[in-house]
Every structure is written in structure tokens, then in C-alpha cells.
2 protein chains.
Amino acid sequence: MSFKKVRDAHKTENTEDYLEIIADLLNSKGEARIVDIANHLGIAQATANKTIRRLQYQGYIKKEPYRSIFLTLKGQELASISKKKHIIVLTFLKKLGLDSKTAEADAEGIEHHVSDKTLKKMEKFNKKN
Amino acid sequence: MSFKKVRDAHKTENTEDYLEIIADLLNSKGEARIVDIANHLGIAQATANKTIRRLQYQGYIKKEPYRSIFLTLKGQELASISKKKHIIVLTFLKKLGLDSKTAEADAEGIEHHVSDKTLKKMEKFNKKN
DNA sequence: TAAAAAGTATAGCTATGGCTACATTATAAT
DNA sequence: ATTATAATGTAGCCATAGCTATACTTTTTA
Ligand SMILES: [Mn+2]
Ligand SMILES: [Mn+2]
Ligand SMILES: [Mn+2]
Ligand SMILES: [Mn+2]
């Protein structure tokens, strides 16, 4: 059923975005802090804090109180998959003719709802254009 | 900000799907009942019931207790917009080369995250292919 | 080194959407 | 007409993600 799949996607969606952001921060700044994540997402720090707690007990990240965030292996893996999807969808939308801003905005939502089959088609399209 | 837009989309997503389903049921069966919606979505009837209550106090639908559901003008308008988006995205995915099942599943999620600009590009692509 | 600022954590609230269990009403069958 | 079934409604639970306000810790600045 289509709707069930969408609901399942929504369950992991926020997790995927968090992990992608954390990976990016670790890459660029060397560390990922709650304040940066909150700013990135445009949400209150308290909200980011709560989600980070969930990500920790779900085994995606590790952190000590008042310290910065690290990805577990499980976290790294999901971050990597998410990043790949993000790039494919973003590139696809740009090749479709959209400006960077629109492509980025739409990709951020679409990336969580594309099956592997669709990703393959997008990659094919990306190579041809 | 991209993420804010995605969050906003998620707020109306469920509403859009419900209204689209109700419109379809009204069209095909002549009436929309909670049990049909629940079956369509693959959720418990109690869950559908609760959401229908929300849709009513938010002014999208009208109903009497134990009776079937009708769309208000506001509801009809959103249903119509949602349906249009759905068709554009679904057609696009099919033209991209995907089978009906995959196209339908992915469209169900993607439809809520495409900007008007992206829809335009998809329509253009649909006409060309 | 002491004070100010920044970052983090926690509490308590709201809204949404899942679920099961159970009660009530409406409809269909006997 | 009664009874059985189907549909609807309600209650009470969980999880998630928002928010503000407030407390605590760490870092920076004076
Ligand atoms: Mn979504
Ligand atoms: Mn995203
Ligand atoms: Mn992303
Ligand atoms: Mn949908």
C-alpha cells in the first residue's frame, strides 16, 4: 500500500535530516553542536536537544552532556545513504531546469520519498543531461 | 529555509490525502464513509474518525454523527489542487520510465513536496515525452 | 579570576497521528 | 420485530516534534 510506505518514510525522515546535518558539520567544522543543528533546521534549541536524545537512545549518535555529537557506525551508514539520495535528487531537479534554491528546497522533502527504482531513473537522467 | 518548508508541507500532507480520498469516494460511490477512508489508508477506523473530526473543526468537511462525509468549499478546493498535483507527479514518474506501482507509491509522498515551479517543469516534461 | 555570554538541559505545555478496547448506533438478515 | 453485523464514536494509551520558560554548565571576555 502506497500510504503505508509514505507513513514509514515519515518515521525516518527527521532522523535522516539530522544525521546528514551532523555529518556535514563534522566534515566542515570538525564538530557538531546542538546550537548549529537548531540553527540549520530553524527550530528551537530545546527541540533539537530532545531529538538528539532520541537519536542517542536509538543508537545513531553518541555524546556526553554539554559536549558535541558523534555518529555511531549505524549513524554514519544512514547519513551516507541520505547524503547520496540528497545529491541525486538535487542534481536531478537542477537538470530538470530548476534554480538552485527551488531545487534545494524541493529536494529536502522529496529525498525521503523516492524509491531505489526512482533514484536509478534519476541517475540515468542526470547522466544523459 | 528549506527545512521549514518541508515541515510546513508535513502539516498539510495528511489533510490533502484525506480530502483527495473523500473526493474520489464521492465521485465513485456517491458517498464517503469513515470505514472506506480507513481501508484506503490502511489505518484503524478510530484513527480515521479522529482525523475526520479535526478536518471538520478545521472547516474542510461536514458531517452528522453516524452519517457520511461531505466536502465544504474549502475542502473541495484543496482536494482539487491536491488531485492535480497527484496526477502531474504520477504522470511524470511514469514518463520517467517507472512502473505504475512504483510511480503510484512514490507520487503519494512526493506530491506534497513539489513547488509550483517544479510542477511546471514536470508538466513540460510530460508534454514532451 | 570574576562576570557575562553562550550553549545545553529539563520541565511542562500543545498538536498530530498511530493503536486497542469498548460502547453506541445504524443497517442487514433471519 | 429481533437479532446479528457493520459502522461509528469515545476513552485512554504511546511516540514524535514543535514551543517557551527556566536552570545549569561551559566558554569567553573583561
Ligand atoms: Mn514527507
Ligand atoms: Mn530532507
Ligand atoms: Mn537532505
Ligand atoms: Mn500523498
Side-chain angles (χ1 to χ4, degrees), chain A residues 1-22 25-26 29-70 78 108-109 112, chain B residues 1-22 25 29-70 78 108-109 112-113:
Chain A
M1 263 295 151
S2 298
F3 294 106
K4 175 115 175 36
K5 279 185 191 165
V6 176
R7 286 198 301 276
D8 285 346
H10 282 158
K11 274 186 206 146
T12 49
E13 194 161 336
N14 207 29
T15 300
E16 287 167 17
D17 285 337
Y18 268 74
L19 295 179
E20 213 186 311
I21 291 169
I22 292 167
L25 286 168
L26 286 171
K29 291 196 175 188
E31 69 172 358
R33 311 237 46 155
I34 283 174
V35 60
D36 300 317
I37 296 169
N39 287 340
H40 241 83
L41 290 169
I43 59 176
Q45 291 186 18
T47 303
N49 190 286
K50 197 199 276 187
T51 299
I52 286 297
R53 204 157 57 226
R54 172 177 67 75
L55 294 181
Q56 178 147 33
Y57 75 64
Q58 290 180 344
Y60 294 105
I61 63 157
K62 272 275 176 196
K63 80 180 281 294
E64 297 301 316
Y66 294 99
R67 289 277 119 81
S68 67
I69 300 154
F70 299 95
L78 189 47
E108 202 53 73
H112 311 283
Chain B
M1 262 296 153
S2 298
F3 294 105
K4 175 116 177 35
K5 280 185 190 165
V6 176
R7 285 196 302 276
D8 285 346
H10 283 157
K11 272 185 206 146
T12 49
E13 191 161 340
N14 207 29
T15 299
E16 288 166 18
D17 285 338
Y18 269 74
L19 295 180
E20 213 186 311
I21 291 169
I22 292 166
L25 287 168
K29 292 197 175 184
E31 70 171 356
R33 311 235 48 153
I34 282 175
V35 60
D36 301 317
I37 298 169
N39 288 340
H40 241 83
L41 290 168
I43 59 176
Q45 292 185 19
T47 303
N49 191 286
K50 198 200 277 189
T51 299
I52 286 297
R53 204 156 57 226
R54 172 177 67 76
L55 294 181
Q56 178 147 33
Y57 74 65
Q58 290 180 345
Y60 294 105
I61 64 158
K62 272 274 176 198
K63 79 182 282 292
E64 297 302 317
Y66 294 97
R67 290 276 120 82
S68 67
I69 300 153
F70 299 96
L78 190 47
E108 201 53 72
H112 311 284
H113 298 284

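Chain letters run A, B, ... following the sequence lines, proteins first, then strands; residues in each count from 1. The figures that follow rest on heavy atoms only: side chains count, while hydrogens, waters and symmetry mates do not.
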Would you please test Ile21(B) and Phe3(A) for side chain to side chain contact (heavy atoms under 4.5 Å, CB included) and show each step? CA-CA 11 Å; Ile21(B) 291 169; Phe3(A) 294 106; 3.9 Å; yes

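- Place Ala32(A) and Pro65(B) on DNA chain C by their nearest nucleotides, and Ala32(A) ends up nearer the 5' end.
- The nearest pair of heavy atoms linking Gln45(A) to Ile34(A) is O-CG2, 3.9 Å.
- Glu64(A) has its CD atom 15 Å from the P atom of dT25(D), to the nearest Å.
- Put simply, the side chain of Ile43(A) does not reach to within 4.5 Å of the side chain of Ile37(A), judged on heavy atoms.
- With rounding to whole Å, Glu16(A) atom CD is found 12 Å from dA17(D) atom P.
- Salt bridge present: Lys11(B) and Asp8(B) bring a charged side-chain N and a carboxylate O closer than 4.0 Å.
- Atom C1' of nucleotide dA6(D) and atom CD1 of Ile37(B) are separated by 16 Å, given to the nearest angstrom.
- At dA15(D), none of the side-chain N or O atoms of Arg54(A) fall inside 4.0 Å of OP1 or OP2 (strictly under the cut-off).
- Remark: P of dA23(D) and CG of Asn49(A) are 17 Å apart, rounded to the nearest angstrom.
- Bounding nucleotides for the chain B contact on DNA chain C, 5' to 3', at a heavy-atom distance below 4.0 Å, are dT16(C) to dT27(C).
- Lys11(B) comes within 4.0 angstrom of nothing in the nucleic acid, heavy atoms only.
- Projected onto DNA chain D by closest heavy-atom contact, Ala44(A) and Tyr66(A) fall at different nucleotides, the more 5' of which corresponds to Ala44(A).
- In this structure, the CZ atom of Arg53(B) is 8 Å from the P atom of dG9(D), given to the nearest Å.
- In plain terms, the two heavy atoms of His112(B) and Ala9(B) that are nearest each other are O-CB, 3.3 Å.
- When all heavy atoms of Thr47(B) and Tyr18(B) are compared, the pair lying nearest together is O-OH, 4.1 Å.
- A donor-acceptor pair shorter than 3.5 Å cannot be found between the side chains of Asp17(A) and His40(A).
- Of all nucleotides listed (dG9(D), dT16(D), dT10(D)), dG9(D) comes nearest to the side chain of Lys63(B).
- If you measure from atom CD1 of Ile34(A) to atom C1' of dT25(D), you get 13 Å, rounded to the nearest angstrom.
- In DNA chain D, the stems built from three or more successive Watson-Crick or G-U pairs (distances below 3.5 Å) are C:1-30 with D:1-30.
- DNA chain C is contacted by both Ala46(A) and Ile43(B); Ala46(A) maps to the nucleotide lying nearer its 5′ end (nearest heavy atom per residue).
- With a 6.0 Å radius and a threshold of 12 heavy atoms from other residues, nucleotides or ligands, Lys5(A) has its NZ atom at or below the threshold.
- Here Tyr57(B) lies in heavy-atom contact (under 4.0 Å) with sugar-phosphate atoms only.
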Criterion side chain to side chain contact (heavy atoms under 4.5 Å, CB included) on Arg54(A) and Thr15(A), from CA distance to verdict: CA-CA 9 Å; Arg54(A) 172 177 67 75; Thr15(A) 300; 3.1 Å; yes

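- Between the CZ atom of Arg67(B) and the C1' atom of dT8(D) there is a distance of 11 Å, given to the nearest Å.
- In this structure, the CG atom of Asn14(A) is 9 Å from the C1' atom of dT16(D), given to the nearest Å.
- Nearest heavy atom pair, residue Arg7(A) against residue Gly42(B), reads NH2-O, 3.3 Å.
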